[in-house]
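Here's the structure, in structure tokens; my notes come after.
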Amino acid sequence: MAKINREKLTLALFLLFYCVVQFFTLGRRGLDGDEGVILKAALADNWEAFWAFIAHDVHPPLYHLLARTSMNLFGVYEWSLRLPAALAGALLIPLGYALGRVVFKKKNLALLLAGLFTLSPYLFYFYGEARFYSLLLLGATLTYIAIFRIQSEKSIYWWLLFLAGALIMVWAQYLGWFILLVEFGALVAARQWRKVKKTGIALALVGLSYVSFCRIALAQISGRLTEQGGLALGDNIRGLLGALYRFGTGRLVLGIESSTLLVGGWGYILLFMASLIVPVLIILAPWCRQKKCMLVSRKNLSIILAVSAVSFVMALLVSEVGGRATRYMVYLWPFYGIFTVLGVASLWHKIWGKIIVASFFILMLASLGKHVFSCNQAVGAREIAMLLAHKVEAQDAILTKGAFAGGESAALRFYLKKDVTISDYFSDYKPGALKNKTLTTELFINQALETHAVVWYYDFTYGNFKKEEINGSIAENFIGKDKEEKEIVLYKITKQQGA
């Protein structure tokens with residue numbers, strides 16, 4: 001009885017820590033353009049406008065619906081927009097324990113996995129962002145628990161759990177379909193025909209839920225794929241390696257280009273090397289001691305490796321995924337957590353192993369602290385609006401460039417309470433239309449200068465424009481670094497006399 005109470009107490013402490021840190025800082029950081037897309041959908045005048053907007057987005061509508069509900073219930077705030085993601089994060093802590101129980105069978109290892117779900121700086125970032133990533137992770141974790149249980153148990157409960165997780169995944173992000181197909185393929189490869197039949201029925205039910213949305217979904221998927229250029233293998237490799245790096249110590253070191261490392265000095269270089277090497281040592285440790293790998297059954301291990309391997313291949317071949325692997329690969333993190341737990345168990349019996357494990361958790365906590373106290377202060381639409389509020393005149397124009405579907409301007413309008421012209425470079429975005437867009441940044445600015453004497457411009461895509469082609473004088477206002485630690489500049493462009 002004491003052990004059960006200790007487990008419940010530990011989980012309660014994890015949840016308490018999470019709630020205190022997450023919910024008290026949920027509205028601290030200003031909205032960015034990607035969150036502005038969700039905001040725009042959540043604040044749609046009516047349901048007809050809502051679904052019309054969804055058709056121009058590139059993701060399924062689950063998070064948009066939850067955000068709209070949250071804002072209707074609690075008011076229009078940053079924290080209410082992010083609340084669905086934060087609640088999903090809270091649910092993932094006990095689910096992390098449940099996943100550990102089915103994978104390891106040992107309660108202490110399951111608690112360690114739940115602790116990683118709580119403290120992971122990589123996950124903590126998504127728990128507090130008004131986007132679909134925490135929902136994708138929630139759905140994926142539910143299907144992992146169910147599919148692992150289905151290997152050895154016949155209860156209908158696990159099929160219902162699998163169905164619930166599958167529905168959450170595919171309505172949060174289209175990658176959910178990919179995950180389901182790989183899980184189904186793993187059962188087929190194992191020749192577990194009864195389980196294959198039942199899983200097929202569950203997938204059919206998930207497919208039925210898409211009947212009314214199928215036309216929009218196909219248009220979004222095909223549109224995004226047609227926007228991709230040729231195979232950008234180098235970028236995809238960098239994206240995949242970036243995801244694996246962030247799995248361990250999150251966003252502790254973001255600027256890993258050689259120029260950034262050199263500017264940071266030896267301390268910065270050593271921090272990067274430690275945040276790279278220590279997690280790798282922990283992940284490799286159980287493979288060096290195969291007995292520790294046996295803590296995971298062969299059937300479960302085969303599913304983990306199958307989903308991981310096919311995901312890596314997809315990330316390398318599909319630029320839409322590989323280029324965004326640091327976000328899209330979030331559904332693989334539970335497997336990373338499992339191997340981290342195995343690594344800790346492998347190393348803990350040696351003094352040097354304890355040092356490596358302690359270093360890993362110190363790096364994790366340092367990264368989590370950076371997120372709470374630094375990343376939450378990053379430049380976003382709020383900081384730009386505060387600056388513009390004192391400088392922009394009613395006759396000026398503000399030009400934004402960043403998120404698709406007008407998300408950048410939506411985030412700015414949320415904060416800037418002035419009657420001023422705001423134009424968004426991607427306001428007319430539709431899936432598949434990007435490749436046909438001929439409007440350059442220079443032309444975008446010059447067109448605004450035809451009707452406005454002063455134009456303010458900022459760009460969250462970090463692109464440069466040819467200043468010599470602009471019909472006006474340019475003044476730069478350096479605002480600070482955004483969440484990706486990129487310098488954001490607000491340009492004031494004054495029309496040339498006689499132009």
Side-chain angles (χ1 to χ4, degrees), residues 1-18 90-120 123 137-138 140-155 157-158 161-162 165 183 186 247-248 278-308 332-361 364-365:
M1 190 66 181
K3 290 185 178 180
I4 295 176
N5 290 336
R6 185 176 62 183
E7 292 155 17
K8 290 181 178 179
L9 177 62
T10 303
L11 286 174
L13 290 174
F14 286 158
L15 279 169
L16 178 62
F17 173 85
Y18 172 84
L91 288 173
L92 279 162
I93 295 171
L95 286 176
Y97 176 76
L99 179 64
R101 290 289 285 127
V102 67
V103 171
F104 304 120
K105 310 300 182 185
K106 295 185 177 182
K107 296 177 181 178
N108 59 334
L109 297 183
L111 284 173
L112 179 55
L113 184 58
L116 291 175
F117 269 90
T118 307
L119 297 175
S120 167
L123 297 184
L137 178 62
L138 175 64
T141 304
L142 287 172
T143 64
Y144 298 154
I145 295 171
I147 208 77
F148 292 157
R149 287 289 188 186
I150 287 168
Q151 300 288 318
S152 56
E153 300 180 28
K154 298 180 179 180
S155 173
Y157 170 79
W158 302 117
L161 188 68
F162 178 82
E183 290 175 332
F247 278 2
V278 171
V280 169
L281 291 176
I282 289 180
I283 292 296
L284 292 179
W287 300 98
C288 298
R289 300 186 70 215
Q290 293 186 357
K291 289 184 179 180
K292 292 301 181 182
C293 280
M294 296 308 294
L295 289 172
V296 181
S297 71
R298 288 188 177 182
K299 290 181 179 179
N300 292 343
L301 187 61
S302 66
I303 291 177
I304 291 173
L305 294 178
V307 174
S308 301
L332 289 181
W333 189 92
F335 300 154
Y336 180 90
I338 288 170
F339 287 118
T340 298
V341 171
L342 292 176
V344 171
S346 300
L347 294 170
W348 196 247
H349 69 293
K350 297 286 188 179
I351 293 296
W352 59 266
K354 288 183 173 67
I355 294 174
I356 292 175
V357 171
S359 300
F360 175 71
F361 281 101
M364 276 186 64
L365 291 173

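None of these values were measured; they are calculated from a predicted model. Sequential numbering from 1 along the given sequence is applied to the chain's residues.
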Mind checking the [atom1]-[atom2] spacing from [X] to [Y]? Nearest 0.5 Å is all I need.
X: T118; Y: L16; atom1: OG1; atom2: CG; value: 11.0 Å
X: H349; Y: K354; atom1: NE2; atom2: NZ; value: 8.5 Å
X: W352; Y: I355; atom1: CH2; atom2: CD1; value: 10.0 Å
X: L113; Y: I93; atom1: CG; atom2: CD1; value: 11.5 Å
X: T340; Y: F247; atom1: OG1; atom2: CZ; value: 10.0 Å
X: Y336; Y: I338; atom1: OH; atom2: CD1; value: 13.0 Å

Practice task
With sequence neighbours excluded, tell me which residues meet salt bridge (charged side-chain N to carboxylate O under 4.0 Å, His left out) with R149.
Solution key: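 For R149 the salt bridge (charged side-chain N to carboxylate O under 4.0 Å, His left out) partners, ignoring immediate neighbours, are E153.
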
Problem - Sole residue of I145, T143, I147 in side chain to side chain contact (heavy atoms under 4.5 Å, CB included) with L161 - result: I145

Practice task
Please determine which of V344, L111, V341 meets the side chain to side chain contact (heavy atoms under 4.5 Å, CB included) test together with L116.
Solution key: V341

Handout entry: Results of side chain to side chain donor-acceptor pair (under 3.5 Å) for S120 - residues two or more places apart only
Key = none

Practice task
Not counting sequence neighbours, which residues clear side chain to side chain donor-acceptor pair (under 3.5 Å) with Y97? List them please.
Solution key: E7

Practice task
Verify whether the ring centers belonging to W333 and F117 lie closer than 6.0 Å.
Solution key: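 Close enough - the centres of the two rings lie under 6.0 Å apart.
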
For residues [X] and [Y], report the shortest heavy-atom separation together with the two atoms involved.
X: F104; Y: A110; result: CD1-N, 4.3 Å
X: P286; Y: S346; result: CA-OG, 3.4 Å
X: A186; Y: I303; result: CB-CG1, 3.9 Å

Handout entry: Under the side chain to side chain contact (heavy atoms under 4.5 Å, CB included) test, residues paired with L365 that sit two or more places apart
Key =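 By the side chain to side chain contact (heavy atoms under 4.5 Å, CB included) rule, L365 matches L119.
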
Problem - All side chain to side chain contact (heavy atoms under 4.5 Å, CB included) counterparts of L281, not counting sequence neighbours - result: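 For L281, the residues satisfying side chain to side chain contact (heavy atoms under 4.5 Å, CB included) (neighbours in sequence not counted) are I277, I356.
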
Handout entry: ring pair (Phe, Tyr, Trp, His ring centres under 6.0 Å) partners of F335, counting only residues at least two apart
Key =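 Testing F335 for ring pair (Phe, Tyr, Trp, His ring centres under 6.0 Å), a comparison that skips the adjacent residues, returns Y144.
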
Problem - Atom OH of Y157 with >12 non-hydrogen neighbours under 6.0 angstrom - result: no

Handout entry: Residue K350 excluded, over 12 heavy atoms near NZ under 6.0 Å
Key =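 Result for NZ/K350: open.
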
